[in-house]
Amino acid sequence: LAKEAGRSDYRFFTADLNARALERLSFEGGLRAALEHGEFVLHYQPQVAIADGELIGFEALVRWQHPQLGLVPPNRFIPIAEDSGLIVALGEWVIEAACRQNRDWQRQGLPHVPIAVNLSAVQFRHRALLATVAGALAESGLAADCLELELTESILMQADRVTLDTVSYLKELGVQLSIDDFGTGYSSLGYLKRFPVDKLKIDQSFVRGLDAADDVIVTTIIGLAHNLGLGVIAEGVETAEQARLLLELGCGEAQGYHFGRPLPATEARGVLLHENERRQLSAPRLPLTR
Ligand code: C2E
Ligand code: MG
Ligand code: MG
Ligand code: MG
């Protein structure tokens, strides 16, 4: 019986593998056409100050609006785009689209907040990156500090000349730099001193398990950020209790379903409108002159 069960597990496993291999094959061919046909969209997830709910930024997250499959999440096509090299062109589109969108909102008189964009390691090491970022800023007219680039620990682990120079040039352009999924890589803390990054993003896996104010990992990351003079934001905050604990531990910024899901542009614009009203209401009133 055990043997049979084992064999059918194996069958399920191979069926699943085949399905994924097929998807990979069809995606490999489809991604380039999808880029040409404008099938990618950005959703924007709010980032907030926990204490008063102030909107402090958005993270742009790419989706594929597939004509048959519907909205395909990035985990299903980013790795394939990385393998095929298409991530460079796709990543360029993401940076340009995020800058354009942000500048459009600003021109409409909406609050100025940075939009964060994820960089893949392949894209980071491609020689076109600096020109892409500088070009997207110049073309959109967006101020550099309204663009944030999310790097990963694996990118910074390679402490070679190219990595050092790229990070320095990006910083010289004036964009903000954060480290995504912080704590999940083989953190060699040395790189934190070497690179001019601005902010650590506490990975959601640590936030998920957060249930007491003595959480040693979250406490350590927050302390590390403070001691190095870096900002810190928690990802994947799903409950009011997690938000309360984070604030108590000294992490004032958060992103997660508790505060807002990633939203299509029209809905993200609604969040900006709401923030505009909130800021006007909380602004100190000038005394009325008679
Ligand atoms: P990430 O950069 O760490 O983004 C956070 C992911 O967590 C997003 O998934 C977001 O929707 C999800 N999330 C946010 N709040 C919560 C929460 O409260 N609970 C839970 N369970 N999840 C939450 P998404 O959009 O599916 O993106 C997955 C990953 O794909 C991203 O992880 C990022 O690594 C990658 N990605 C997304 N867009 C891009 C892109 O434009 N370029 C590159 N290179 N990678 C991207
Ligand atoms: Mg990210
Ligand atoms: Mg993350
Ligand atoms: Mg991630």
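Counting starts at 1 for both ligands and their atoms, in listed order.
- The part of D180 lying near ligand 1 is the side chain, judged by heavy-atom distances below 4.0 Å.
- Looking at ligand 1, you'll find an N or O of R63 within less than 3.5 Å of one of its N or O atoms.
- The backbone N or O of G231 sits nowhere less than 3.5 Å from a side-chain atom of D198 that would complete a donor-acceptor pair.
- Ligand-side atoms of ligand 1 in range of E238: 17 (C), 18 (O), 19 (N), 20 (C), 21 (N), range being under 4.0 angstrom from any heavy atom.
- Of all the heavy atoms of D203, none lies under 4.0 Å from any atom of ligand 1, so neither backbone nor side chain is involved.
- Residue side and main chain included, D181 places no N/O/S atom under 2.8 Å of the Mg ion (ligand 2).
- Remark: distances from the non-hydrogen atoms of E82 to ligand 1 are all 4.0 Å or more.
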#### Entry: Pair E139-R100, salt bridge (charged side-chain N to carboxylate O under 4.0 Å, His left out): steps then yes or no
CA-CA 8 Å; E139 213 172 292; R100 249 191 332 262; 5.1 Å; no
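- Heavy-atom neighbours of H112 NE2 from other residues, nucleotides or ligands within 6.0 Å: above the threshold of 12.
- With the Mg ion (ligand 2) as the vertex, OD1 of N118 and OD2 of D180 span 80° to the nearest 10°.
- Y191 does not carry R194 over the face of its six-membered ring by the limits of under 6.0 Å from the centre and within 45° of the normal.
- Here's the thing with N118: one of its N/O atoms is less than 3.5 angstrom from an N/O atom of ligand 1.
- Taking 4.0 Å as the cut-off, G91 does not count as a neighbour of ligand 1 on heavy-atom distance.
- When every heavy atom of E39 is checked against every heavy atom of P67, the shortest pair comes out as OE1-CD, 3.5 Å.
- Residue contacts with ligand 1: E59 is placed with a nitrogen or oxygen under 3.5 Å of a nitrogen or oxygen of the ligand (distance criterion only).
- In summary, no N, O or S atom of D203 is located under 2.8 Å from the Mg ion (ligand 3).
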### Task
Determine, stepwise, if the pair R125 / D160 fulfils salt bridge (charged side-chain N to carboxylate O under 4.0 Å, His left out).
CA-CA 11 Å; R125 297 196 76 81; D160 57 355; 2.7 Å; yes
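- Residue-to-ligand polar distances place Q204 within reach of ligand 1: an N/O pair is separated by less than 3.5 Å.
- Residues G183 and F206 approach most closely at O-CZ, 3.4 Å, considering heavy atoms.
- Remark: R278 engages E275 in a side chain to side chain donor-acceptor pair (under 3.5 Å) (not counting sequence neighbours).
- Between E59 and K201, at least one side-chain N (NZ, or NE/NH1/NH2) sits under 4.0 Å from a carboxylate O, which counts as a salt bridge.
- Using a 30° and 60° split on the angle between ring planes, F77 and W64 fall in the perpendicular class, above 60°.
- The closest heavy-atom contact to atom 40 (C) of ligand 1, among the options L61, N75, V207, V62, comes from V62.
- Not a single N, O or S atom of E150, from either the backbone or the side chain, sits less than 2.8 Å from the Mg ion (ligand 3).
- Atom 14 (C) of ligand 1 has its nearest heavy-atom neighbour, among E235, Q45, K201, R261, in Q45.
- Heavy atoms from both the backbone and the side chain of S120 come within less than 4.0 Å of ligand 1.
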